[in-house]
Number of protein chains: 2
Amino acid sequence: MTLDREQVLRSAAALLTHKSTATMDEVAKAAGIGRATLHRHFAGRDALVKALEDLGIQEFEAALDAARLDEGTSEEGLRRLIAAVEPSAGLLSFLVTENQLFEGDQVNEGWNRADARVSAFFRRGQERGEFRIDLTPAWLTEALYGLIGTGAWAVQVGRVATQDFQYMIVELLLGGARRSVEQ
Amino acid sequence: MTLDREQVLRSAAALLTHKSTATMDEVAKAAGIGRATLHRHFAGRDALVKALEDLGIQEFEAALDAARLDEGTSEEGLRRLIAAVEPSAGLLSFLVTENQLFEGDQVNEGWNRADARVSAFFRRGQERGEFRIDLTPAWLTEALYGLIGTGAWAVQVGRVATQDFQYMIVELLLGGARRSVEQ
DNA sequence: TCTCGATGAGACAATCGCGTCTCACTTGGG
DNA sequence: CCCAAGTGAGACGCGATTGTCTCATCGAGA
């Protein structure tokens with residue numbers, strides 16, 4: 001039987017995101033495999049985390065490419081980005097949580113690259129007059145990550161329907177909760 | 001010498017937020033006390049986490065009281081809530097992200113109470129026509145927690161200025177990133 | 001100054017999680 | 001049908017952590 005490596009990583013990310021102290025045994029059980037098998041594919045906990053980081057960054061950068069952030073309006077770009085990132089939301093929120101533990105120079109290069117792209121996207125939107133300038137690009141970037149993580153969690157525990165994931169995040173991020181006059 | 005129990009808990013929360021695998025020895029050193037003394041006040045790691053949980057919920061409920069969510073417009077109530085919760089933001093984000101509010105499948109009762117109050121607040125705002133009805137109260141509640149956590153972290157690493165904490169969260173949550181015409 | 005309660009440091013055994021190993025079982029290909 | 005590869009379950013030692021203990025010290029109050 002061929003082990004579905006990606007499936008293992010995804011379930012591990014989902015678990016470790018909200019329980020970073022989970023044991024290797026819990027990770028294995030969550031993936032529906034034995035602890036021995038988990039060790040056969042990932043030398044140890046460090047290797048597992050490294051694999052999670054690599055896959056998460058790879059998928060996030062792929063999502064950034066697929067979103068074609070330069071084409072059309074910023075709003076369209078953001079909608080495409082969130083749509084493209086949805087399948088990787090669990091991995092991405094793990095990455096964000098994980099990177100919060102590191103200090104400055106220890107942060108993965110790939111993450112820095114992706115982070116810069118997102119930040120630049122928000123700055124471009126501001127320069128075009130499509131995004132508010134009183135909210136800094138850094139904050140908008142962090143808020144995007146936070147909402148993606150929150151959204152993934154909310155879907156996972158059933159507080160938000162799967163098909164509403166994109167809508168809830170995009171609408172809140174773009175328009176906020178306030179009911180505007182024209183609505 | 002009287003031990004400052006709350007001071008110990010705050011330093012523990014600050015440490016565990018960054019390094020959830022920190023040992024009891026590290027927690028004790030971070031609080032400036034000996035490991036034996038830490039054990040004298042908190043029977044074990046579980047008891048320590050439980051105390052953190054109780055403190056966090058207590059402070060959150062106090063913030064909910066102080067915010068007087070029923071007075072004035074929903075927007076004013078939300079602004080007061082975020083202002084009141086700022087001092088506890090670190091502790092709250094630790095509890096939310098590390099999922100310490102759950103014991104197995106049982107959610108802490110106090111948390112359920114607080115959660116229900118926040119959710120009811122958003123629902124009330126919708127009924128008053130002040131909040132959008134296409135974003136569910138459950139999602140707005142989760143998004144609020146997520147943004148508080150993200151904001152606390154962004155401030156801590158210097159990505160957002162301390163005095164901007166409230167503004168960034170409230171403005172994004174209420175108005176979103178989109179630049180509206182009247183601006 | 002004396003006393004008592006609290007603390008810090010360290011010793012100690014017990015427990016836990018990790019990494020490795022063996023062994024029996026299953027599965028898919030030749 | 002047979003075999004090789006992969007897997008699950010479990011045992012094992014090791015190191016780290018925990019929880020408890022003792023003992024010397026400190027400090028506030030009598």
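A note on names: the letters A, B, ... follow the listed sequences, proteins ahead of strands, and every chain is numbered from 1.
The separation between A:D25 atom CG and D:dG8 atom C1' is 12 Å, rounded to whole Å. With rounding to whole Å, B:R45 atom CZ is found 11 Å from C:dG17 atom P. Computed from coordinates, the A:K29 NZ to D:dG8 C1' distance equals 10 Å when rounded to whole Å. The distance between atom CE of B:M24 and atom P of C:dA14, rounded to the nearest whole Å, is 20 Å. Summarising the geometry, the separation between CG on A:L38 and P on C:dC18 is reported as 10 Å, rounded to the nearest angstrom. One atom, CG of B:D46, and another, C1' of C:dT15, lie 13 Å apart when rounded to the nearest Å. Here the P atom of nucleotide D:dG6 and the CZ atom of A:R5 are 14 Å apart, to the nearest Å. Put simply, CG on B:L16 is 15 Å from C1' on D:dT17, counting in whole angstrom units.
For the 3.5 Å distance criterion, the side chains of B:Q156 and B:H18 qualify, holding a donor opposite an acceptor.
Aromatic ring pairs are classed by plane angle as parallel below 30°, tilted from 30° to 60° and perpendicular above 60°; the pair B:F60 and B:Y145 is perpendicular.
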Counting only pairs under 3.5 Å, give me each side-chain donor-acceptor contact of residues 117-124 of chain A, with atom names and distances, residues two or more places apart or in other chains.
{"from": "A:R117", "atom 1": "NH1", "to": "A:D65", "atom 2": "OD1", "distance (Å)": "3.2"}
{"from": "A:R117", "atom 1": "NH2", "to": "A:D65", "atom 2": "OD1", "distance (Å)": "2.8"}
{"from": "A:R124", "atom 1": "NH2", "to": "A:D70", "atom 2": "OD1", "distance (Å)": "3.0"}

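Candidate nucleotides C:dG17, D:dA9, C:dA9 were compared by shortest atom distance to the side chain of A:A36, and D:dA9 ranks first.
The base of C:dG19 does not come close enough to the side chain of A:R40 for any donor and acceptor atom to sit less than 3.5 Å apart.
Contact check, B:H41 against C:dT7: a side-chain N or O comes under 4.0 Å of OP1 or OP2. For the pair A:T37 and D:dG8, the criterion of a side-chain N or O lying under 4.0 Å from OP1 or OP2 is met.
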B:L16 and B:F94: side-chain contact (heavy atoms from CB on, under 4.5 Å), yes or no, with the steps? CA-CA 8 Å; B:L16 290 174; B:F94 166 71; 3.6 Å; yes
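Using a 4.0 Å heavy-atom distance criterion, A:R35 is classed as a base contact.
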